[in-house]
Amino acid sequence: MAEPQTQKTSQAKPADAKKASAPEKTAPVNITYIPRPGDPVTTVWGKLTFEANKPRPVSDPRLIEKAKKNPWFKVEGEKQAEASFDPGTDAPVNSTQYRAYAITWFKVVTKSADMQKRWSDEEALRTECEVGQDDLEYLARFYDPRLEQLVNMERAGEAR
């Protein structure tokens with residue numbers, strides 16, 4: 001007597017379905033966060049924390065591709081993307097650009113009155129760039145000491 005034959009069906013198990021939807025992983029590639037003057041020494045990007053100028057292995061191919069186009073990151077073996085915004089010559093259009101723009105002019109202003117006037121005159125620009133309270137607090141860490149430095153230099157010049 002012949003044994004009954006059973007049909008085999010190929011049904012994916014729930015665990016197999018999860019594997020298929022998980023992001024692909026590739027061999028780790030070192031990505032380095034390259035901050036600009038005034039940028040924080042650490043940043044969180046793609047749910048990963050990067051320390052300034054310290055390579056970090058990354059296996060997510062989507063993040064690696066994004067990093068290749070981001071001028072704040074250097075992907076090992078790739079040319080670093082160039083920044084499209086120059087805070088010394090370009091007008092900012094968002095809060096991130098305004099931060100770089102403001103810090104750049106903080107460094108070159110030479111009189112306390114000029115610094116205070118420019119800050120006041122740029123209120124509309126800050127509104128347009130959607131500069132928030134967190135941005136203002138960040139900028140205050142550079143603005144306040146620079147203003148104090150200029151005031152002290154002016155006082156020292158008057159004392160001569």
Side-chain angles (χ1 to χ4, degrees), residues 15-154:
D16 294 337
K18 285 182 184 175
K19 285 181 187 175
S21 66
E24 283 184 43
K25 298 289 181 186
T26 61
V29 174
N30 282 327
I31 296 179
T32 306
Y33 164 54
I34 312 290
R36 304 295 189 269
D39 286 344
V41 295
T42 62
T43 190
V44 177
W45 189 59
K47 298 182 182 178
L48 299 174
T49 300
F50 290 84
E51 293 180 42
N53 304 308
K54 184 177 177 185
R56 179 197 167 106
V58 175
S59 299
D60 182 341
R62 290 177 292 196
L63 193 58
I64 293 167
E65 286 306 309
K66 286 182 179 182
K68 289 177 183 178
K69 298 172 188 164
N70 187 323
W72 276 260
F73 290 89
K74 170 77 172 96
V75 177
E76 183 178 34
E78 300 285 334
K79 183 178 182 214
Q80 185 175 355
E82 293 185 27
S84 59
F85 173 73
D86 180 349
T89 59
D90 297 339
V93 296
N94 59 44
S95 63
T96 302
Q97 290 181 355
Y98 186 82
R99 283 184 180 203
Y101 166 83
I103 289 171
T104 298
W105 74 255
F106 292 172
K107 293 176 186 176
V108 298
V109 69
T110 58
K111 295 180 182 173
S112 63
D114 292 345
M115 185 171 195
Q116 291 169 320
K117 181 174 181 345
R118 183 165 179 178
W119 182 260
S120 177
D121 291 348
E122 288 187 354
E123 185 172 353
L125 177 60
R126 288 190 297 277
T127 300
E128 187 179 309
C129 292
E130 299 180 355
V131 172
Q133 187 61 37
D134 60 328
D135 300 305
L136 295 174
E137 290 170 5
Y138 175 81
L139 289 169
R141 297 190 319 228
F142 300 91
Y143 179 92
D144 293 341
R146 177 64 175 153
L147 182 60
E148 183 179 355
Q149 180 186 37
L150 292 172
V151 167
N152 290 338
M153 288 169 48
E154 291 163 0

- prompt: Which heavy atom of V58 sits nearest a heavy atom of I64, and at what distance?
  reply: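 Taking every non-hydrogen atom into account, O-CD1, 3.5 Å.
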Between atom [atom1] of [X] and atom [atom2] of [Y], what is the distance when rounded to the nearest 0.5 Å?
{"X": "R56", "Y": "L48", "atom1": "CZ", "atom2": "CG", "answer": "4.5 Å"}
{"X": "N70", "Y": "E65", "atom1": "CG", "atom2": "CD", "answer": "13.0 Å"}
{"X": "K68", "Y": "K74", "atom1": "NZ", "atom2": "NZ", "answer": "10.5 Å"}
{"X": "K54", "Y": "T42", "atom1": "NZ", "atom2": "OG1", "answer": "11.5 Å"}
{"X": "Q80", "Y": "T32", "atom1": "CD", "atom2": "OG1", "answer": "9.0 Å"}
{"X": "Y98", "Y": "E122", "atom1": "OH", "atom2": "CD", "answer": "4.0 Å"}

message: Within the 4.5 Å heavy-atom criterion, are T43 and F73 side-chain neighbours or not?
response: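 A side-chain contact under 4.5 Å exists here.
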query: Mind checking whether S112 and E154 have side chains closer than 4.5 Å, heavy atoms only?
result: yes
query: Looking only at atom types and distance, does a side-chain atom of T104 sit under 3.5 Å from a main-chain N or O of A100, one as donor and one as acceptor?
result: yes
field: N94 backbone acceptor or donor facing E130 side chain under 3.5 Å
entry: no
Taking distance alone, no hydrogens or angles, what donor-acceptor pairs closer than 3.5 Å link side-chain atoms of residues 139-149 to residues at least two apart or in another chain?
| residue | atom | partner | partner atom | Å |
| --- | --- | --- | --- | --- |
| R146 | NE | F106 | O | 2.9 |
| R146 | NH1 | Q149 | OE1 | 2.6 |
| R146 | NH2 | V109 | O | 2.5 |

field: D39: side chain to side chain contact (heavy atoms under 4.5 Å, CB included) partners, not counting sequence neighbours
entry: Y33, P35, R36, W72
- request: Among K117, K111, R118, find the one that has a side-chain contact (heavy atoms from CB on, under 4.5 Å) with D114.
  value: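 Among K117, K111, R118, the one that satisfies the side-chain contact (heavy atoms from CB on, under 4.5 Å) with D114 is K111.
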- prompt: Stepwise, does the side-chain contact (heavy atoms from CB on, under 4.5 Å) test hold for V75 with I31?
  reply: CA-CA 5 Å; V75 177; I31 296 179; 4.1 Å; yes
Test side-chain contact (heavy atoms from CB on, under 4.5 Å) applied to D90 and Y101, step by step: CA-CA 8 Å; D90 297 339; Y101 166 83; over 6 Å; no
field: Verdict with supporting geometry, R126 and E123, salt bridge (charged side-chain N to carboxylate O under 4.0 Å, His left out)
entry: CA-CA 5 Å; R126 288 190 297 277; E123 185 172 353; 5.1 Å; no
